[in-house]
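Structure, as structure tokens:
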Amino acid sequence: MFGSKRRFDIKSYPGFLPVTLLCLVILYAPLLVVTVYSFNASKSITIWEGMSLRWYVDVFVGPESEKFKVAAWNSFVIAIIAASVATTVATLAATGMIRAGKFKLRGLSFGLISLPLMVPEIVTAVATLIFFNAIAFERGLMTILLAHTAFCIPFAYLPISARMQGIEDSYEQAALDLYATKRQAFTKILLPLMAPGIISGFLLAFIVSLDDFIITNFVKGAGVETLPTAIFGAVKQGIKPNIMAISTMLLAVSIVMVTVSYFVSKSDNTK
Amino acid sequence: MAAGAASGGSATTDTYREARTWLLLPSWLILAGLSLIPVCLMLIYSFLTKEFRGGVIWDFSLAAYDQFFFDRGLFGDDPAQIEWTYIAIFWRSIWQASAATLLSLAIGFPTAYFIATRPERNRAIWVFLITIPYWVNLLIRTVSMKFLLRDQGPLNDMLIGIGLIDTPIHIVNTNFAVQLGLFYSYLPFMVLPIYAAVERYNFSLSEAAADLYASKFTTLRRILLPAVKPGVVAGCILVFVPSLGSFLAPDLLGGAKNFMIGSLIEEQFKGNAGNWPFGAAASMILLTIVLILLLIFARQQARAEKEAH
């Protein structure tokens, strides 16, 4: 027995591969099914009548197209602005947390930044609604934008701070030794090195804003809709084929953005 | 995410020491203004008097908490009895979130373990595959789940088609559908911390156990599981907490009979029938439960870290 090969491979357990595959099936089956049925020619969501782009056409020119166009535009504008502000704030905060020495309020600052991740989303939604009510801020697009900006900060912060921790400060030190100002070291050395982290932080914040339903549903004014609240309203009356077409498009946007984020954050420009 | 969150990140340099306040100020202002102060206001609102068309009257009152815990009859002058309606909703939510957590663990643990034992260059792709669905709109995922599980949906069609069943199985509007929806919503939160823990695990410990004639199962139970326990606990917390307050899965997949905390809270702020102080009180109770859980979790992680050194 001594020195001989072990009786079995200690690392692998039977059944773990099938469970992993089952896991992937559960994760992807609903998305695939909806994607396939969004191309259904039938008016019914139950019967399959062959491939067609009819419901995609319906989304853009059909009776409900105006509503969805406005909602999509709102979602898009809010996501762009909220993600840009959140990414900028998160980049500065990460620099302050990771590149500005130890300080007393560091733990507290970190707690504040991760607060939206710890508080259940519905509680954040209630609290934000109450806040706007207490200061008599009229509900509308602006309230959605403000709420999204705050909520997106931790999502932007995580990849950005992870990236910054991976960059040695010798590059900036070298610049400072060659008489660069600190501002120059920051903008000309650190920021370009940070680019992959910043881009992936921005993309994640963008998706989080684009996808948010609960907070938006609480703080939006009457008649103001984003894509998720418009979809939710429509789904309450039953799942219709045009909803599946919109869902498939939104799904595609999310997957493309996450994939880009993945490959950008993997690319390493410090070498 | 969880491990980094507990410790606040690694060592720092101090290149931009002078600018620190200015660097951090925007995040302090935005998060204090739109996250911390609102939560404090919510606490205050839960002690105010309700206005009949939504909103509050600024008069101190314990009515919201009283309504939550006590039943004083139709006119409010009967002797106080325990009010079970809302406690039952909280209890059901805890139950549903626990079931979803167990389901995620049962499927997430083998998956995480399997991924962590792949050759190093393939792991990132596996992790990526597991996390993609998480970034797809939660609403769309939940609607897709409902579409798949409907009585006339593709799942039942397929099962009938291959002759496994004769009549459709009713899944939508059951407890199980909600659990499945919650599982689907938060599974990556289970897989990622367990994956991280298994990846760090030193497999020569398992090999030593096997050399000493421990069976595979014993090795798993006595050696591997204790070593990766912090990851498992982190995964369970990360699935349980958002499940507890979730709104979409119970609302879309559960129907009226499977009401959870999220729907109870949402109802208080919709239209004129709502009760803002009561909604704020229910949110405070939910937040308290969550914070207690996170505190226990933080202490447990700190202890595990101490033992590791």
Side-chain angles (χ1 to χ4, degrees), chain A residues 6 8 10-11 16-17 19-20 23 27 29-31 33-34 46 89 92-93 95-96 98-102 107 109-110 112-116 118 120 122-123 126-131 133-134 146 150 153 161 165 169 172 182 207 211 213-214 228 231-232 235 239 247 250-251 254-255 258 262, chain B residues 5 8-10 12-17 20 23-24 26-28 30-31 34-39 41-42 45 55 107 110-111 113-114 117 128-129 132-133 135-140 143-145 147-148 152 154 203 206-207 210 216 219 242 245 247 262 265 269 279-280 283 286-287 290 294:
Chain A
R6 203 164 291 107
F8 45 75
I10 191 66
K11 272 192 172 185
F16 278 23
L17 172 64
V19 174
T20 306
C23 181
L27 285 178
L31 303 179
V33 164
V34 163
T46 316
V89 171
L92 297 177
T95 314
I98 295 163
R99 286 254 193 303
K102 287 203 188 313
S109 296
F110 191 77
L112 201 56
I113 290 170
S114 34
L115 192 66
M118 291 190 288
I122 190 138
V123 176
V126 169
T128 316
L129 169 65
I130 284 177
F131 173 70
N133 176 271
L146 288 171
I153 289 176
S161 67
Q165 277 165 0
D169 80 325
E172 292 145 84
K182 291 204 167 166
I207 297 176
D211 284 0
F213 168 73
I214 295 175
I231 293 175
F232 184 79
V235 165
I239 305 172
S247 300
L250 210 50
L251 198 150
S254 299
I255 290 182
V258 173
Y262 171 77
Chain B
S10 62
T12 66
T13 60
D14 60 357
T15 316
Y16 308 103
R17 178 186 286 276
R20 185 197 297 140
L23 289 168
L24 288 165
S27 58
W28 283 340
I30 293 179
L31 288 163
L34 288 161
S35 207
L36 191 62
I37 292 174
V39 171
L41 268 173
M42 187 177 77
Y45 265 49
I107 295 193
T111 305
Y113 182 92
F114 179 81
T117 50
F128 183 54
L129 276 178
I132 285 182
W135 294 108
V136 171
N137 195 318
L138 181 59
L139 173 62
I140 289 178
V143 171
S144 306
M145 197 58 143
F147 180 76
L148 180 71
Q152 283 91 38
F203 272 96
S206 290
E207 279 166 25
K216 252 180 144 160
T219 313
F247 170 74
I265 294 175
F269 295 94
S283 303
L286 171 62
L287 183 61
V290 166
L294 289 177

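In the text below, chain A, chain B and the rest are named by the order of the sequence lines, each starting its count at 1.
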Could you tell me whether the side chain of Val89(A) reaches within less than 4.5 Å of the side chain of Ile30(B), counting heavy atoms only? yes
Check each atom of Ser27(B) against the heavy atoms of chain A and say whether the ones under 4.5 Å are side chain, backbone, both or neither. both
Region of Val235(A) that comes under 4.5 Å of a non-hydrogen atom in chain B: side chain
Where does Leu27(A) contact chain B at under 4.5 Å (heavy atoms): side chain, backbone, both or neither? both
Spacing of Trp135(B) atom CH2 and Leu251(A) atom CG [to the nearest 0.5 Å]: 15.0 Å
To the closest 0.5 Å, what do you measure between OH (Tyr16(B)) and CG (Leu92(A))? 11.5 Å
Contacting moiety of Val136(B), where chain A heavy atoms sit under 4.5 Å: both
For the CE atom of Met145(B) and the CG atom of Leu31(A), what is their distance to the nearest 0.5 Å? 9.5 Å
Is any side-chain heavy atom of Val258(A) less than 4.5 Å from a side-chain heavy atom of Phe128(B)? yes
Which heavy atom of Cys23(A) sits nearest to which heavy atom of Ile107(B), and what is that distance? CB-CG2, 3.6 Å
Cut-off 4.5 Å, heavy atoms of chain B, and the answer for Ile153(A) is side chain
Which residues pass the ring pair (Phe, Tyr, Trp, His ring centres under 6.0 Å) test with Phe147(B), not counting sequence neighbours? Tyr37(A)
Residues two or more places apart in sequence or in another chain: which of them pass ring pair (Phe, Tyr, Trp, His ring centres under 6.0 Å) with Phe213(A)? Phe232(A)
Exercise: identify the closest heavy-atom pair between Lys102(A) and Arg20(B): O-NH2, 3.5 Å
Whatever's closer than 4.5 Å to a heavy atom in chain B on Ile214(A) counts as side chain
Greatest number of non-hydrogen atom pairs under 4.5 angstrom with chain A, of Val39(B), Val143(B), Ile37(B), falls to Val143(B)
So which part of Thr95(A) gets closer than 4.5 Å to some heavy atom of chain B, the side chain, the backbone, both or neither? both
Leading residue by heavy atom contact count with chain A [cutoff under 4.5 Å; candidates Ile132(B), Leu23(B), Leu287(B), Ile140(B)]: Leu23(B)
Heavy-atom pairs under 4.5 Å with chain A, option from Leu138(B), Leu129(B), Ile265(B) with the top count: Leu129(B)
When rounded to the nearest 0.5 angstrom, what distance separates OG1 in Thr15(B) from CG in Asp169(A)? 4.5 Å
Would you mind reporting whether Phe16(A) and Thr117(B) have side-chain heavy atoms less than 4.5 Å apart? no
Please classify the contact of Leu286(B) with chain A as side chain, backbone, both or neither, using a heavy-atom distance under 4.5 Å. side chain
Residues Leu115(A) and Ser35(B): closest non-hydrogen pair is CD2-OG, 3.6 Å
Ile239(A) CD1 to Ser144(B) OG distance, which is reported to the nearest 0.5 Å: 8.0 Å
Distance-minimising heavy-atom pair for Leu139(B) and Pro228(A): CD2-O, 3.1 Å
To the nearest 0.5 Å, what is the distance between CD1 (Ile130(A)) and OG (Ser283(B))? 7.0 Å
Thr111(B) and Val19(A): side-chain contact (heavy atoms from CB on, under 4.5 Å), yes or no, with the steps? CA-CA 6 Å; Thr111(B) 305; Val19(A) 174; 4.2 Å; yes
Out of Leu34(B), Leu41(B), Leu31(B), return the one with the most heavy atom pairs under 4.5 angstrom to chain A. Leu31(B)
Against chain A, label Leu294(B) side chain, backbone, both or neither, depending on which of its atoms sit under 4.5 Å from a heavy atom there. side chain
For Leu24(B) versus Ala93(A), what's the shortest heavy-atom pair and its separation? CD2-O, 3.5 Å
